[in-house]
Amino acid sequence: MKERTLVNIYSSALERSITGAIIGMLRFMEKPDDPLVMIAADIYNFTPELTKGLAETFTEKREEERAELLAHKFSRIKYRYPRMLSLVIEGKNAIARVKRIMGKVNVRDGTTILGRFGFFHLVDKKNISEFPASCPQNKDEAEAQIELIWKKYKDLGGPLSTSINYSSKEQGMVYSTVVLIKPNAFEKPYDPRPGGVIDMIARTGMYIVGAKVIVPTEEEMMEFYIPHKEKGFYQELVKFMSRKPSLALLYEGVNARAQIRETALSLVRLVYTDNITENTIHTSDTPEDFIREKGVINFAQNPLP
């Protein structure tokens with residue numbers, strides 16, 4: 001039976017730059033012939049209202065996880081709001097399968113997300129668990145969380161503009177850039193490369209402030225790649241990018257565009273390129289490119305399919 005469920009990746013994972021590793025584990029599934037498909041993604045300002053609402057969707061006895069979520073602390077020096085990345089996953093028996101991949105924080109197991117990345121620390125001589133991500137445990141929770149995150153609080157989704165605090169010295173150097181993880185890496189639901197790409201970009205220290213799964217039309221990709229219109233590979237590139245799923249990410253930070261493009265050209269493409277067209281990643285080159293690309297993708301228009 002085909003179902004929809006969520007994976008919510010919390011600010012502790014985003015801040016520690018393990019987001020890509022979590023996504024990589026989620027996509028490296030045990031049944032590639034019966035895949036779980038990421039059909040939507042968005043990043044949210046994780047306000048107290050959204051935090052409380054999410055904790056209230058838990059129907060099972062998960063007091064430790066609920067308490068950790070409600071006691072969520074973050075640096076007001078660096079962040080106005082913590083961020084949460086919400087992924088919608090669809091597939092046969094998706095709820096139980098994603099729950100199995102998520103695992104339990106108290107079972108140290110390298111084959112599950114919480115077994116690998118959940119951890120414990122002492123607070124007032126008490127052993128406190130940290131949950132970098134969670135997923136619904138049953139159908140009721142899945143439906144409640146989709147309603148809460150993707151409908152009731154959708155206005156808290158990206159593109160975010162109020163999450164990060166920058167110093168007065170940094171403010172004049174803050175830029176945004178578009179990153180596309182292309183179909184050759186993304187359209188195969190079991191391909192772990194998107195996680196690897198995100199991990200590589202994380203080393204630049206930039207922040208994800210927008211996320212969207214796109215299936216663009218040919219007309220949209222013609223506009224997106226219009227600077228290449230007179231080049232011999234233009235038509236092939238447009239055809240390759242059209243009517244297939246890609247993951248679009250919006251990054252922000254000090255000199256973000258230059259830093260991420262350098263990482264894309266010198267590292268990501270070096271490791272992951274299949275050929276000159278299927279080179280896994282696109283990043284904005286110039287300020288004019290960024291404005292056009294962001295307009296084509298339209299992160300603000302990101303409903304659940």
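Please read all numbers here as calculations on a predicted model, not as lab measurements. All values below come from the heavy atoms of this structure, side chains included, with hydrogens, waters and symmetry mates left out.
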With distance as the sole criterion, is a donor-acceptor pair present between the side chains of Asp42 and Ser86 under 3.5 Å? no
Taking atom CD of Glu262 as the centre, does the number of heavy atoms from other residues, nucleotides or ligands within less than 6.0 Å exceed 12? no
Walk me through whether Ile39 and Val213 qualify under side chain to side chain contact (heavy atoms under 4.5 Å, CB included). CA-CA 6 Å; Ile39 63 168; Val213 175; 5.9 Å; no
Answer yes if the side chains of Asn8 and Gln145 hold a donor-acceptor pair under 3.5 Å, and no otherwise. yes
Can you confirm whether the side chains of Thr286 and Asp289 place a donor and an acceptor under 3.5 Å from each other? yes
With no hydrogens and no angle check, just 3.5 Å: does a side-chain donor-acceptor pair link Thr111 and Asp109? yes
Do Arg193 and Phe186 make a side-chain contact, defined as non-hydrogen atoms from C-beta onward lying under 4.5 Å apart? no
Side chains of residues 295-305: which donor-acceptor partners sit under 3.5 Å, not counting sequence neighbours?
unit_1, atom_1, unit_2, atom_2, d
Asn302, ND2, Ala41, O, 2.8
Asn302, ND2, Ala211, O, 3.0

Modelled atom types, side-chain donor and acceptor of Asp199 and Ser17, under 3.5 Å: no
I'd like to know if the side chain of Arg4 reaches the main chain of Ile146, judged simply by a donor and an acceptor atom lying under 3.5 Å from each other, with no hydrogens or angles considered. no
Are Thr57 and Glu141 close enough that a side-chain donor and a side-chain acceptor fall under 3.5 Å? no
Do Arg243 side-chain atoms and Val215 backbone N/O form a donor-acceptor pair below 3.5 Å? no
Measure the acute angle between the ring planes of Tyr10 and Phe46, then classify it against the limits of 30° and 60° as parallel, tilted or perpendicular. parallel
Do Arg62 side-chain atoms and Thr59 backbone N/O form a donor-acceptor pair below 3.5 Å? no
Do Arg257 and Tyr175 meet the cation-pi criteria used here (NZ or CZ under 6.0 Å from the six-membered ring centre, within 45° of the axis)? yes
